[in-house]
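The residues of the chain are indexed from 1 along the displayed sequence. Bear in mind the structure is a predicted one, so any value in this text is a computation, not a measurement.
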Amino acid sequence: MREEILRLLSDDHNHERTIQDLTRIFKIKSEDFADFMKLLNQLEDDGEIVRDQFNQYFTPESLGYFKGILQLNKKGFGFVKVAEDKEFFVRSNLVNGALNGDTVIIHKLNDDPHSDEASIVRVLEHNIKDVVGLVVKLKGKTYVNADDSRIGQIRINDAHIKGAMPGHKVIVHITSYKPLRGDIVEIIGHKNDPGVDILSIVYDHGIHIDFPEEVYQQVENIPDEIDPAGMKGRTDLRDMLIVTIDGDEAKDLDDAISLRKLENKHYELGVHIADVSYYVEEGTPLDLEAVDRGTSVYLVDRVIPMLPHKLSNGICSLNEGVDRYTISCFMEIDQKGQVVDHRILPTVIHSTHRMTYTNVNKILDGDQEMRKKYADSVELFETMKELSDILTRARNIRGAIDFDTDEAKIIVDEKGKPIDVQLRVRGESDRMIESFMLAANETVAEHFKWLDVPFIYRVHETPKKNKLEQFLAIAKPLGYNIHGSLDDIKPKELAKIITKSKGKPEHPVISTLLLRSMQKARYSELCLGHFGLADEYYTHFTSPIRRYPDLLVHRLIRNYLFNENYSNIEHFAEVVPQLADSSSDCEKRAVDTEYDVDDMKKAEYMSYHIGEKFKGIISSVTSFGFFVELPNTIEGLVHITDLADDYYIYDEKQLMLIGQRTRKMYRLSDTVEVIVKDANKLEKQVDFVDANNYAKSRKPRRAKHSSIAHPTSRKHKEHRGQRTHTRARRRGGKR
């Protein structure tokens, strides 16, 4: 009935729209009239239909109404996205009390087909339920100033203050939206206490720190050493030379490597992954909590694990010198980097060495002390280097795109104060492990694609034409072009651009801009391929301690391959799509949290360097100024009103600012010297001024713009870009 009503009302030629018309058309009997009215009211509440002043029903679009999600700017205005390529601008005085993320009904302000302005007429659903903020007292009343300045101030209900005092950071549950009122449900700590700043961001993203009691109870029954009963059916690899290679500080070691040369000059690569699915059974409290978390979250001073430490750092971690259950993928790889045969087995291993990237890099660089210390494994590492080079060459030939963008390492002291921001250095061993993990992920994905059973894949779809056109508009002036049709773009064409730009000043900009033009990688029950890797088959198999999709892959391997159980195909066909969607959402939440923490700590670090001079490159140009990125990835805005020598015009097509009188230009990848003007830790932003074009005392002047979509155009809409790709290495994943 619901669909039939919507179909009728969406017909522009239909003129029968009153309640009397509808009851007659749908032949509603008197005893069914109340239920029919409930359905109409529900459709109206959901924003699916609207009523005009004559009590006639219409679909929203036919009357200039649209349903969408509000993205609110900190200055008060917003944008409402109503379709993939359609959004409306809402001025601050027309937001009507809606908050960021709310599902709203908007009304287009005029009939001009080129107009994109609207007003919010109704909030269908509030997105924000809990808010993190700072307790303050005003005229004897308790308020919380939300960390998110778009929310503002919340009046706290007197009966639900929970002992919070001014200066406390707290979590508030919203009980009323007009006006904003709420109850304090948890005190995080005092704003000056070490670590409270990071915890505030974590809680603001809805991430749990502690595990539920029933999870701890379940974990208590898991032994600290492997259960001999689990040996049945496993291949014993405990006498094999197997090593883990991870970061210096890593404690959750979920992958290990073995490698040997075969008589036919092929390589046998063994990728041995912690058998987490042996301990985490479907539907248990431990499993349900892992689904809810979706992934571990890696912050500057801590890790919020997907699984309790007893598993993540204990029985599941492939620690040196102890027996551990694993699932192993053995691949026979030829001299061209092709996997010509493979086996996926339940195994038990005994890690020979807990290696670090640092020490393996030293061994490969010829460090005699390290080579002597690990003499039994030097040949293994050198063979790894051989195979890694072969696999890398094979990926390059097929057109895989290596963005290899810089990532920051933020150093904090024992109180959480940032004392340095450095570039993360990726050595040869990092690339080796990445190559081997990619090979295992590809092999497992292809195996299950041909097995044709419900499975979860990591997919990265072909970039959209309009995004590539936007990239080309910026890249062409810098000397980069795409050959061939954008409708059927091949990864190899984009890989050529990255290769061409390497070693040049504009490489970071080209790499970042191209990354932003990509679609976001996600999880799916469909095998749609991975564009960035130029691969037809891809999944995540190698990090089940830290990512739920990998754990699910292991569960499916156990079910189909080891237990040969095909009776529950319908069950997995139902749950895999749901778990793919929830895992994608959890990944985004984790990445956003990690970057918010990084951005906050970067801003805090720069607040200790106000007035100091730095050199960087222009990473983005907008109508209101340009962003400058320093060599350590810290980025700040030079606002157009701080350019003292001229009025600057924004050229949207060329993405540059041009002085009206001097014709001076600020362009992408230009090197500039900047001074730190300000840094706001709470807002997570840094402000620079051009060291050679700034007057300290003057009245700011309005800039003149050209080719601007809207006078209050969205502030650097995609400035953060697609971050999941570059975040993958820290978070234990490979794209």
* To do: Mind checking salt bridge (Lys or Arg N to Asp or Glu O under 4.0 Å) for K261 and listing every partner two or more places apart, or none if nothing turns up?
  => E386

* All ring-ring contact (aromatic ring centres under 6.0 Å, His included) counterparts of Y480, not counting sequence neighbours -> none

* Sub-3.5 Å donor-acceptor pair from the side chain of T347 to the main-chain atoms of T326, do we have one? -> yes

* Could you go through the salt bridge (Lys or Arg N to Asp or Glu O under 4.0 Å) check for E282 and R558 one step at a time? => CA-CA 12 Å; E282 185 178 13; R558 178 179 305 283; over 6 Å; no

* **Single hit among S543, S583, S296 for side chain to side chain contact (heavy atoms under 4.5 Å, CB included) with Y548** => S583

* **Ion pair D402/K502, N-O distance below 4.0 Å** => yes

* Asked: Can you list every salt bridge (charged side-chain N to carboxylate O under 4.0 Å, His left out) pair that touches residues 524-544, not counting sequence neighbours?
  -> R398-D535

* **Atom pair CD1 (I201) and OG1 (T593), whose distance is rounded to the nearest 0.5 Å** => 8.5 Å

* Asked: Given the rule in the side chain to side chain contact (heavy atoms under 4.5 Å, CB included) test, do D254 and L318 qualify, once you have shown the distances and angles that lead to the verdict?
  -> CA-CA 6 Å; D254 47 15; L318 307 183; 5.7 Å; no

* To do: Could you tell me whether K362 and D365 make a salt bridge, using a distance below 4.0 angstrom between a side-chain N and a carboxylate O?
  => no

* Just by distance, do the side chain of S435 and the backbone of R431 share a donor-acceptor pair under 3.5 Å? -> yes

* Asked: Who are the side-chain hydrogen bond (donor to acceptor under 3.5 Å, both in side chains) partners of T358, not counting sequence neighbours?
  -> D248

* Shortest non-hydrogen contact between V686 and E635, atoms and distance -> CB-O, 3.7 Å

* Structure fact -> Across all chains, not counting sequence neighbours, the salt bridge (Lys or Arg N to Asp or Glu O under 4.0 Å) partners of K602 are none

* Plane angle bin for H540 and Y523 - parallel if under 30°, tilted between 30 and 60°, otherwise perpendicular -> perpendicular

* Return the set of residues passing ring-ring contact (aromatic ring centres under 6.0 Å, His included) with Y457 (not counting sequence neighbours), or none when no residue passes. => F455

* Counterpart residues, side-chain hydrogen bond (donor to acceptor under 3.5 Å, both in side chains), relative to R293 (two or more places apart) -> E289

* To the nearest 0.5 Å, how far apart are CD1 in I257 and OG1 in T383? -> 13.0 Å

* Structure fact -> For P305 and S312 the tightest heavy-atom approach is CB-OG, 4.2 Å

* To do: Report the residues that fulfil side-chain hydrogen bond (donor to acceptor under 3.5 Å, both in side chains) with S351, sequence neighbours left out, ordered by chain and then residue number.
  => none

* Contact summary for P505 and I617, nearest pair of heavy atoms -> O-CD1, 4.0 Å

* **Verdict with supporting geometry, L486 and L472, side chain to side chain contact (heavy atoms under 4.5 Å, CB included)** => CA-CA 10 Å; L486 296 183; L472 280 179; 4.0 Å; yes

* Asked: Distance from K467 atom NZ to Q470 atom CD, nearest 0.5 Å?
  -> 5.5 Å

* To do: Just grab all the salt bridge (charged side-chain N to carboxylate O under 4.0 Å, His left out) pairs involving residues 326-344, residues at least two apart or on different chains.
  => E268-R343

* To do: Identify which one of I245, N359, L259 satisfies the side chain to side chain contact (heavy atoms under 4.5 Å, CB included) criterion when paired with F381.
  => I245

* Results of salt bridge (Lys or Arg N to Asp or Glu O under 4.0 Å) for R667 - residues two or more places apart only -> D670

* Hey, is R393 close enough to D389 for a salt bridge, meaning N to O under 4.0 Å? -> no

* Structure fact -> When every non-hydrogen atom of A256 is compared with those of T244, the smallest separation belongs to CB-CG2, 3.8 Å

* Check the angle between the aromatic planes of H447 and H342 and answer parallel, tilted or perpendicular using the 30° and 60° thresholds. => perpendicular

* **Pair M656-Y666, side chain to side chain contact (heavy atoms under 4.5 Å, CB included): steps then yes or no** => CA-CA 6 Å; M656 64 173 65; Y666 288 97; over 6 Å; no

* **Any donor-acceptor pair under 3.5 Å from S517 side chain to L514 backbone** => yes

* Structure fact -> On a heavy-atom basis, the closest approach of R458 and H530 is O-CD2, 4.2 Å

* Is it true that D487 and K465 have a side-chain N and a carboxylate O under 4.0 angstrom from each other? -> yes

* To do: Quickly, which of N441, V444, V459 forms a side chain to side chain contact (heavy atoms under 4.5 Å, CB included) with Y538? Name it, please.
  => N441

* K504: partners by salt bridge (Lys or Arg N to Asp or Glu O under 4.0 Å), with sequence neighbours left out -> none

* Whether K601 side chain and V300 backbone form a donor-acceptor pair below 3.5 Å -> no

* I456 CD1 to C527 SG distance, which is reported to the nearest 0.5 Å -> 12.5 Å

* Asked: Nearest heavy-atom pair of L478 and E506: which atoms, and what distance?
  -> O-OE2, 4.3 Å

* **Within 6.0 Å of NZ in K615, more than 12 heavy atoms from elsewhere** => no

* Using side-chain hydrogen bond (donor to acceptor under 3.5 Å, both in side chains) as the criterion, list what pairs up with E461, not counting sequence neighbours. => R522

